[in-house]
Q: 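Here it is: the structure, laid out below.
As the structure lists them, so they are numbered: ligands from 1, and atoms in each ligand from 1. Sequence positions, counted from 1, serve as the residue numbers for this chain. Side-chain atoms are counted along with the backbone in the values below, which use heavy atoms only and exclude waters and symmetry mates.
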Amino acid sequence: MSASPLPQLRLSAPPLSGRIDTAVTLSTVARLVASGVAVSKADLVAAAGLARTTVSTAVDELLARGVLRPDGTRPTAGRGRPADRLALSPRGGHVLLADVGARGAHLAVADLRQQVLAHTHVDIDVKDGPDPVLREVETGLTALRAQVPGGVPVRALVIGLPGPVDGQLGIPVRPPIMPGWHAYPVEARLRTVFACPVILENDVNLRALGEARALPADQAPLLFVKVGTGIGGGLITREGTLHHGADGAAGDIGHIRVRGAPDIACVCGNVGCIEAVASANAIAQRLDTAAVARPGDTVAVGRQGDTVAVGRPGDTVAPEAMTVADVRALIARGDPTALGLVREAAALIGEVVATLVHFYNPARVTLGGSVTAASDELLAGVRSVVYQRALPLATRNLVLTNSVLGEYAGLAGAMVLGIERVLSAEEIGALGQSRK
Ligand SMILES: [Zn+2]
């Protein structure tokens with residue numbers, strides 16, 4: 001008998017535990033109620049696959065701790081007595097949410113029933129560095145808390161940042177557009193301020209998760225591509241969870257180089273990255289070169305063929321550089337030069353998306369970000385390249401569309417992470433008990 005040429009291989013086996021931990025049971029029951037999958041003890045027995053007495057004990061415990069509350073009755077089939085309905089209690093805990101973009105942050109307070117109790121938008125500039133930006137976020141969240149019912153503890157805080165993050169360490173990792181943020185202890189700072197668990201996540205990952213959970217389960221795997229100031233991606237697995245990769249860098253698609261792209265220098269130090277040639281920033285720079293009038297500008301009209309300087313009447317200095325907001329406004333009002341650049345960007349982004357579609361075979365590709373919000377031009381361009389380039393099996397059932405949640409996708413993803421964290425087996429033990 002000759003020796004096998006192969007080493008011993010690991011075969012997968014589903015985890016199975018004869019004695020299920022109480023915290024796991026409490027977490028499962030609370031999450032099934034929170035998701036609306038099961039709202040009575042009978043539903044829970046069927047959905048969780050647990051014994052009736054186990055479910056009953058867990059429900060009583062969650063009622064006693066104020067996590068669940070009775071929510072009326074509902075008729076049962078046949079002549080049975082109506083079943084008691086269960087719901088998450090509005091006083092079980094609050095989650096604080098912060099979706100921080102390059103120039104602004106959406107902040108919100110929500111309860112465990114997914115009710116947004118208060119929300120606001122604050123102007124920030126991540127280039128100002130971590131201390132002033134986080135101070136703004138802390139002040140904003142504290143002000144929102146003052147607007148909602150008191151006496152309910154904060155159980156988790158979720159913050160998204162527009163750059164790569166290490167979720168385990170709770171720090172940004174060399175974020176290209178965020179000077180001063182590298183390795184800043186974001187998670188530790190917020191945990192100290194709000195005395196609750198803090199989750200740090202990349203902003204596009206939050207959008208991807210929010211989008212996927214707002215859609216039916218068959219819309220995953222879902223690939224979210226954000227085209228705004230920069231370009232980023234987020235991937236939701238078929239099971240509906242975020243794919244982080246080994247170090248949390250999965251989905252960071254902005255620095256993929258695309259065939260035929262001009263050799264424009266990127267913030268990352270390479271040339272020809274998709275972000276450097278097709279983002280709103282890239283379009284703004286090319287519009288600067290093209291000297292297009294900004295919204296609100298009065299432009300002197302010369303003879304055909306004249307070179308027209310752009311600026312406000314009386315300007316003696318060179319006009320300011322075009323901003324991303326200017327680009328959005330130009331696209332929205334149908335400026336032909338701007339739309340031409342969006343079409344060029346769409347063709348390049350389409351190449352990247354076609355490659356990713358081959359690799360991941362997503363059920364849905366969602367486009368989001370300021371450029372997609374301003375016009376359908378980008379979606380149309382990306383669609384045409386993807387359907388032309390990707391093979392039929394990968395596109396047969398592919399849905400390629402704009403975000404359904406728009407600018408609130410990030411808050412939605414943060415809410416999902418926050419509530420799931422609070423109801424996790426690790427954290428649920430703290431519910432109904434006051435924190436010291
Ligand atoms: Zn790059």
Side-chain angles (χ1 to χ4, degrees), residues 100-103 125-127 129-130 160-167 171-184 200-208 223-235 243-289 321-324 327-328 341-360 365 367-372 378 381-382 385-386 389 410:
V100 180
R103 301 299 298 271
D125 188 341
V126 288
K127 288 194 174 66
L161 291 177
V165 303
D166 184 326
I171 57 171
V173 181
R174 303 195 189 288
I177 62 163
M178 299 167 64
W181 286 79
H182 172 62
Y184 187 88
L200 173 63
E201 189 49 88
N202 165 266
D203 68 333
V204 187
N205 278 353
L206 287 184
R207 288 178 187 227
L223 173 67
F224 190 100
V225 177
K226 180 194 167 196
V227 185
T229 309
I231 292 181
L235 183 70
H243 174 76
H244 285 108
D247 295 303
D252 205 353
I253 62 171
H255 306 286
I256 293 177
R257 188 168 185 175
V258 58
R259 190 170 57 93
D263 276 349
I264 297 171
C266 179
V267 286
C268 74
N270 290 323
V271 294
C273 297
I274 187 72
E275 179 167 305
V277 298
S279 64
N281 243 350
I283 293 172
Q285 279 164 23
R286 293 186 59 187
L287 283 170
D288 267 339
T289 324
M322 185 85 62
T323 67
V324 169
V327 172
R328 200 166 44 219
L341 290 172
V342 169
R343 276 183 217 114
E344 283 180 37
L348 296 170
I349 294 165
E351 292 278 340
V352 172
V353 173
T355 305
L356 296 171
V357 162
H358 273 136
F359 188 73
Y360 290 123
V365 174
L367 299 185
S370 55
V371 178
T372 54
L378 191 88
V382 171
V385 177
V386 169
R389 289 198 58 85

Q: Scan residues 267-280 for pairs that pass side chain to side chain donor-acceptor pair (under 3.5 Å), counting only residues two or more places apart or in two chains.
A: none
Q: In Å, rounded to the nearest 0.5 Å, how long is the span from CG of Leu223 to NE2 of His243?
A: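 It comes to 11.5 Å.
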Q: Could you tell me which residues satisfy side-chain hydrogen bond (donor to acceptor under 3.5 Å, both in side chains) with Glu344, sequence neighbours excluded, listed by chain and number?
A: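 Counting only residues at least two positions away or on another chain, Glu344 forms a side-chain hydrogen bond (donor to acceptor under 3.5 Å, both in side chains) with Arg286.
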Q: Give me the protein N, O or S atoms that fall under 2.8 Å of the Zn ion (ligand 1), sorted by chain and residue number.
A: His255 ND1, Cys266 SG, Cys268 SG, Cys273 SG
Q: Side-chain polar contacts of residues 351-359 - donor-acceptor pairs under 3.5 angstrom, sequence neighbours left out - could you list them?
A:
from	atom 1	to	atom 2	distance (Å)
Glu351	OE1	Arg389	NE	3.4
Thr355	OG1	Glu351	O	3.0
His358	NE2	Leu391	N	2.9

Q: Set out, in order, the CA-CA distance, both residues' side-chain angles and the distance that settles side chain to side chain contact (heavy atoms under 4.5 Å, CB included) for Ile349 and Ile274, then state yes or no.
A: CA-CA 7 Å; Ile349 294 165; Ile274 187 72; 4.0 Å; yes
Q: Does Asp263 pair with Arg257 as a salt bridge, N-O distance under 4.0 Å?
A: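 Judged by the 4.0 Å cut-off on N to carboxylate O distance, Asp263 and Arg257 do form a salt bridge.
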